[in-house]
Number of protein chains: 2
Amino acid sequence: MAIQQNEPSPRIPLSRERVLRAAVALADERGIDELSMRKLGQQLGVEAMSLYNHVANKEDVLDGMVDFVVGEIDPPPTGTDWKTAVRERALSARRALLRHPWTSRVLESRTTPTPMVLEYFDSMIGLFRAGGFSIDLTHHAMHAMGSRLFGFTQELFDDSNNDLDPEAEALMLQTMATHYPYLGEMALAISHDENSVVGQGCDDQFEFEFALDLLLDGLERLRDRARISQ
Amino acid sequence: MAIQQNEPSPRIPLSRERVLRAAVALADERGIDELSMRKLGQQLGVEAMSLYNHVANKEDVLDGMVDFVVGEIDPPPTGTDWKTAVRERALSARRALLRHPWTSRVLESRTTPTPMVLEYFDSMIGLFRAGGFSIDLTHHAMHAMGSRLFGFTQELFDDSNNDLDPEAEALMLQTMATHYPYLGEMALAISHDENSVVGQGCDDQFEFEFALDLLLDGLERLRDRARISQ
DNA sequence: ACCTGAACACCGTTCAAGT
DNA sequence: ACCTGAACACCGTTCAAGT
């Protein structure tokens, strides 16, 4: 005979999973600015301090929330050409972000990408590579996909807050290559000089102009086509 | 005989201008997370409460900070073709945002664009129009410039938090058209049906796919060109 | 092992009181 | 007209204390 209670999910024990789910739900309903550890605890019928048994701190919660959304992105379709595969993936990502509109702002505040985010990028790189793109062009393509052309290029790997020594750096690159083969391949190709670090060797100015010119050229072509057909 | 003091800018009276300058400097040096009304006051040698004589609240400060950065973007060059004009403008915007890296995150949190931001968009639209782009293609071009293709389209005018009645809406569109001619032209063209509001009539899904396909087609072209030349 | 109460060092903002 | 001190309702987080 189960005892009925009005409390939200009363008997289910707290867990990281449950905390993150509640955080996503709260942000979806009330906005990310309304998310606080205290309100999150309240939502789970628990004091805020209890959350720290399942989660390191609020930053950890935010990381977990991003992972939750990234986890909702469909895996790349199989048996199609690279273009529809990349296309479907980007559209699926867009749908996930539309379901959780706070994600882009939270993403912008993250300093280091989580494994899930890296996995998403890695598989996206894999699609380009499988489509016959050179490492170099794939690299530019990835930057172009993420850039905002009103003045801002999203840096995938911000190397400015990097306090690792070269050996640790090389080791990290090594282990990364085993988990994210395409990311590793690209990182290696980009930084094959002495002081090589992941993301260094990215000429962000070049990448910005690459995406910008790709768009401008495409737009010009469309304009001229419209003129001719008139 | 001026009296010397070590206090930072002691005799200069407080003003909105001075508050915003200090806010930008503080965010540049210590990061946007470190910006608080209390620290901002401290930086100006004043209690936090004094700031409220020159600024409505913290949101107002953030709006002012964005305007400060947008104000640093160079005016569009004259006497050049549309492409170099748009290009120079985008590159200038990028330089401004690189000088103040917190801007993109603050921009993302703004709900309504300030007049300065509108002016920036308006003049950008003007460049496309002067370059012979149709209103329609200009509209798509503007969306494409601002979109982030990993899943997120930046909405220039988020109409979801719009509580104006149709008459007020029409009046706003009218006054907007006088201040921002190109924006007004476009808004009018987009929403020429009954329930017309600024930004409604934007098929965001279409815009996202437009930018995405423009990039994918361009990338394909580059890949094939690289293959041939090899 | 997990949850709590009290406490600490912070927030943004209001308001009556000072000059 | 501008600045201030005290106060309010919030934060994230620590830690000793409870079960």
Side-chain angles (χ1 to χ4, degrees), chain A residues 3 5-27 29-66 102 105-106 108-112, chain B residues 3 5-27 29-66 102 105-106 108-112:
Chain A
I3 295 156
Q5 288 186 244
N6 316 9
E7 296 286 289
S9 319
R11 275 285 95 122
I12 306 158
L14 226 52
S15 69
R16 180 182 167 83
E17 172 74 15
R18 224 159 79 77
V19 169
L20 295 181
R21 267 185 195 288
V24 167
L26 209 156
E29 282 161 35
R30 298 205 244 160
I32 193 72
D33 290 329
E34 290 294 304
L35 178 69
S36 75
M37 296 301 271
R38 281 173 159 91
K39 286 179 192 160
L40 185 52
Q42 200 176 303
Q43 192 102 136
L44 290 159
V46 117
E47 296 300 316
M49 303 76 199
S50 308
L51 301 174
Y52 289 86
N53 286 309
H54 304 93
V55 124
N57 47 34
K58 195 180 181 183
E59 291 292 289
D60 189 25
V61 172
L62 292 173
D63 275 333
M65 291 169 74
V66 168
W102 43 265
R105 240 172 89 195
V106 174
E108 201 111 49
S109 72
R110 297 310 72 206
T111 48
T112 46
Chain B
I3 295 157
Q5 289 187 241
N6 315 11
E7 297 286 289
S9 320
R11 276 284 97 123
I12 306 159
L14 225 51
S15 68
R16 180 181 167 82
E17 172 75 14
R18 225 159 77 77
V19 170
L20 295 181
R21 267 185 195 288
V24 168
L26 208 155
E29 282 161 34
R30 298 205 246 160
I32 194 69
D33 290 328
E34 290 295 303
L35 177 70
S36 74
M37 296 301 271
R38 281 172 159 92
K39 285 180 193 161
L40 185 50
Q42 200 177 302
Q43 191 103 135
L44 290 158
V46 116
E47 296 300 314
M49 304 76 199
S50 308
L51 301 174
Y52 288 86
N53 287 309
H54 305 94
V55 124
N57 47 35
K58 196 180 179 181
E59 291 292 289
D60 189 26
V61 172
L62 293 173
D63 275 334
M65 291 169 74
V66 167
W102 42 267
R105 240 172 89 193
V106 175
E108 201 112 49
S109 72
R110 297 309 73 205
T111 48
T112 47

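No hydrogens, no waters, no symmetry mates; every other heavy atom, side chains included, goes into these values.
- Residue A:K39 places at least one side-chain N or O under 4.0 Å from the OP1 or OP2 atom of D:dC11.
- Going from atom CD of A:E47 over to atom C1' of C:dC2 covers 14 Å, rounded to whole Å.
- Distance A:E59 CD to D:dT13 C1': 13 Å, rounded to the nearest Å.
- The two residues B:L26 and B:K39 have their closest heavy-atom pair at CD1-O, 3.9 Å.
- Taking only side-chain atoms of A:M37, from C-beta outward, the nucleotide of D:dT14, C:dT13, D:dG12 with the closest atom is D:dG12.
- The phosphate of C:dC3 has OP1 or OP2 within less than 4.0 Å of a side-chain N or O from A:H54.
- Pairing for C:dC8 is with D:dG12, a Watson-Crick or G-U wobble pair whose two hydrogen-bonding atom distances lie under 3.5 Å.
- The listed nucleotides are D:dG12, C:dT4, D:dT4; the one nearest the side chain of A:S50 is C:dT4.
- With rounding to whole Å, B:E34 atom CD is found 11 Å from C:dC10 atom C1'.
- In the set D:dC2, C:dC3, D:dG12, the nucleotide with an atom closest to the side chain of A:N53 is C:dC3.
- Distances from the side chain of A:N57 to the nucleotides C:dC11, D:dT13, D:dC3 place D:dT13 closest.
- The distance from atom CG of A:L51 to atom P of C:dC3 is 9 Å, rounded to the nearest whole Å.
- Between A:R38 and B:A56, it is A:R38 whose nearest contact on DNA chain C lies nearer the 5' terminus.
- Counting heavy atoms from C-beta outward, B:M37 and B:V61 have side chains that approach closer than 4.5 Å.
- Taking atom CD on B:Q42 and atom P on D:dC3, their separation rounds to 17 Å, with Å as the unit.
- Considering only heavy atoms from C-beta on, A:N57 comes within 4.5 Å of A:D60 through its side chain.
- Residues B:V24 and B:R21 form no side-chain contact, since every pair of their non-hydrogen atoms from C-beta on lies 4.5 Å or further apart.
- Remark: P of C:dC11 and CG of A:D33 are 17 Å apart, rounded to the nearest angstrom.
- The base-pairing partner of C:dA17, taking Watson-Crick or G-U wobble contacts with both distances under 3.5 Å, does not exist among the strands shown.
- The two residues A:W102 and A:I32 come nearest to each other via the heavy atoms CB-CB, 3.7 Å.
- A straight line from CG of B:L35 to P of C:dC10 spans 16 Å, rounded to a whole angstrom.
- For the pair B:L40 CG and C:dC10 C1', the interatomic distance rounds to 16 Å; values are reported in whole Å.
- Nearest to the side-chain atoms of B:M49 among the listed nucleotides D:dC3, C:dT14, D:dG12 stands C:dT14.
- Residue B:Y52 places its side chain closer to C:dT14 than to any other of C:dT4, C:dT14, D:dC11.
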